[in-house]
Amino acid sequence: MRPLDGELLSLLADMPFLDRLEAVAVSGWSRGGVYGAGRRLEDAGLVSAVPHATDVTAPTRRFHLTSAGVELLADVEGRSLEALLRCRPVSNQWRRTLLERLDGVAVVYRLAAAVANIHHPIRFRWYRAMPMDAAISLPGGCTIAVIRQGPTADRTGFSKRLRRLMDGPRFGGVLLLAPDETGLRYARRLLAGARAAAVLALERDAAAGATGDRVWRLPSLNAAIDLRTAIDRMGRGGAFPAERPLARAYVPESLAQDVPSRPIPDYMLPALLKPAEKRVLDVLSDWPWIALEDLAGLLGLVRSRTYEIAAALQGFGLVTRVPAGGRRLTLTDQGLAMLARRDRTAVGLARRRWSAAPNNAGDWRSISGRRSRQLLRNMEHTAAVHGFVAYMARQARHLGWEVDQLDPPRKSSRYFRYFGGMRSIHPDAFGVLRRGDVTWPFFLEWERRAVRPVTMVGRLAPYLRYYSSHRPIDDHGAPPIVLVVFDDDIARTHFLSVAQEEMARLRVAVPLLASHRGLLEREGPLGRAWLVPGGHRPVSPVPSA
C-alpha cells in the first residue's frame, strides 16, 4: 500500500463521509493525489461512497471505510480491531448515526475545509451525545466547538443545548450555524456574555461562502466578519472533550445500496433523497395537512412536478396523503423520525406532537399527535393560512421578490418581557420577503373569531405590548408589518376602528394592515387589498420598486 493510501484511510476513519474536495482541503494534499488514492482504495474494496446533495451543498460522492478497510487500518496502525472501533467513528453504530445526520455532516465538513484553508493542519472529532456536533483543533492550540441548529429544532431544546455547551468543557471559541435569520438573532442573545468567543452564521452562507466572505456575526455587534477574522478573535486553549464510548461497537456492515435485495434502511434515506425531495419534507414539517396546490405554491413548482415528488416520498414511506378536507399531505412517523435524527431532536417528542397516525378517514379525534390533531380539528383555519402563504409566495416571485423566510405558527411565536413579566405573541405565520437591499418582514393573523370589539381589543393587546418594546427591532432588524385578515369587510372595518382607538389611547404605533378574504382573492396578498387604521384607500403592503 502506498503511503498516501494509508493516510487517506486514516483520514476517513476520523472524518467518515468526506468528499474528495473536502479531503484535499483538510489533508493539504494535491487534488490528483487524493483522487488517485481514493480510486485505488475504492477499486480494492477498502472504501465505498454514497451519493449526497442538499439545497446548500452540491451533488457529490461521500466516502467511508468498508469492513475490509477498517480491518486493514487496524493492522496498519498496529492495534486491535476492537480498539479501533472504540476510538474512531468507524463502527456500524457510528456510521448509522452520521448517515442519519448526513445533511448536517456535509455542512460541518464544508466549514472544516474552510477552517483548514486558513489554519493547517487541523484535527477533527465528531460527538454523538454532547451539545456540540463536532470540535476542530487548530495548530496553535485553539479548540473550536461547532454546533448546528437544525430547521426542526425548537428554541427551547436548542437553548438547553447551548446552555450545556457553555457550562461544559471550555473551548477557545464556538462556531454556530443557524437555519434562518430569526434563529440566528435568538442564538446571538443566548450567547451574549458567553465565556468563549462565539461567532454565528446562516447555514446556507457558511456552506456556500468563500473564506473571505463576511457572513459571520458576533453576539454583541451587528458587523459581519469573515471566517479568518472570526477565528483570530478566539482564544487559545481547550481540548477535545472525552465522550463515553459506545457500549458495543461492531464492524460496519455493507450498506443497503450494495445489496439490491435488501430493503432500504431508514438511515440511508438522507443519502438517497434528492434535494427537491428534502425540501418538500421540510415544507411539510412546517405546514402539515397542506393541499397539493398550496404545496406547489410554496415550492415554486408546477402541480405535476410537486405530485411527482410527493409520490416518490410516499414510496419511501415518509409522506402520506389523507382524505382530510380534500386529500392533504403530511409526514408519516417515519418522516418525522428522519428529520428529528437529522437535527438532533427527540424522535418521541416529534411524534407526540406531530404524528398523523392512526388515521380514520381524516377524523381529527383519531390523530395521536396533539398539535397535528389541533390543526386538523381547525381545518378551515389551517387551510386558509396555507392558501394565503402559498398565494403570497407565488405572487412574490411574480413581482420580483425573493421569499427569504416563511415560518409556520410554532416558529412565529415571540416571547418578551413586559413590566417584569413574560409575554408573547402567537401569529399564524411569519415571513420575510427580499428584493435587492429591501427587506420586508411580516406577521400574519387570520382572524375568524374576533367579531366583537372586546374580542378585537384582546387580540390586539399582545401586539401593542410587543411593539411598545424594543424587541421588534432586536428580533428582526426592522418592525414587521402585522397583516390581519377577516372573513368579511364588516369585521375588518370594525377592527380598524378599534385598533386606531387603542393605539391612540396607549400611544403605541403598530404597523398594521387589515384585509378580508374576498378582496385578497381578487388582488392577492401583495396587491392593493389592505387598509391602514384611519385609511380609506386600499394600499399594497410591500414597498414600491
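All values reported here derive from a predicted model rather than from experimental measurement.
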Does Leu349 have more than 12 heavy atoms from other residues, nucleotides or ligands lying within 6.0 Å of its CG? yes
Sequence neighbours left out, what pairs pass side-chain hydrogen bond (donor to acceptor under 3.5 Å, both in side chains) with at least one residue falling in residues 178-194? Glu181-Arg217, Thr182-Gln405, Arg188-Asn222, Arg189-Asp475
Give a yes or no on whether a salt bridge exists between Lys274 and Glu277, defined as a side-chain N under 4.0 angstrom from a carboxylate O. no
Around atom OH of Tyr307, are there more than 12 heavy atoms from other residues, nucleotides or ligands closer than 6.0 Å? no
Residues, nucleotides or ligands: over 12 heavy atoms within 6.0 Å of Arg528 CZ: no
Arg448 atom CZ, over 12 foreign heavy atoms within 6.0 Å: yes
Minimum heavy-atom distance Leu299-Arg397, with the two atoms named: C-NH2, 3.8 Å
Classify the ring geometry of Trp446 against Phe388: parallel below 30°, tilted from 30° to 60°, perpendicular beyond 60°. perpendicular
What do you reckon, are the aromatic ring centroids of Phe416 and His470 less than 6.0 Å apart? no
Please name all residues satisfying side-chain contact (heavy atoms from CB on, under 4.5 Å) with Glu501, sequence neighbours left out, ordered by chain then number. Ser497
Hey, is CD on Gln314 packed in by over 12 heavy atoms from elsewhere, all under 6.0 Å? yes
Glu445 and Arg459 ion-paired at < 4.0 Å: no
Exercise: identify the closest heavy-atom pair between Ala337 and Arg351: CB-NH2, 3.5 Å
With a 6.0 Å cut-off (strictly less than), is the heavy-atom count around NE2 of His494, excluding the residue itself, greater than 12? no
Going by the rule ring-ring contact (aromatic ring centres under 6.0 Å, His included), which residues pair with Phe443 if we only count those two or more places apart in sequence or in a different chain? Phe430, His476
Is the charged tip of Arg233 near the ring of Trp216: under 6.0 Å from the six-membered ring centre and within 45° of its axis? no
Any luck finding a side-chain donor-acceptor pair between Trp530 and Ser540 under 3.5 Å? no
Do Asp226 and Thr229 pair up side chain to side chain, a donor and an acceptor below 3.5 Å, judged on atom types alone? yes
Are His52 and Asp103 linked by a side-chain donor-acceptor pair shorter than 3.5 Å? yes
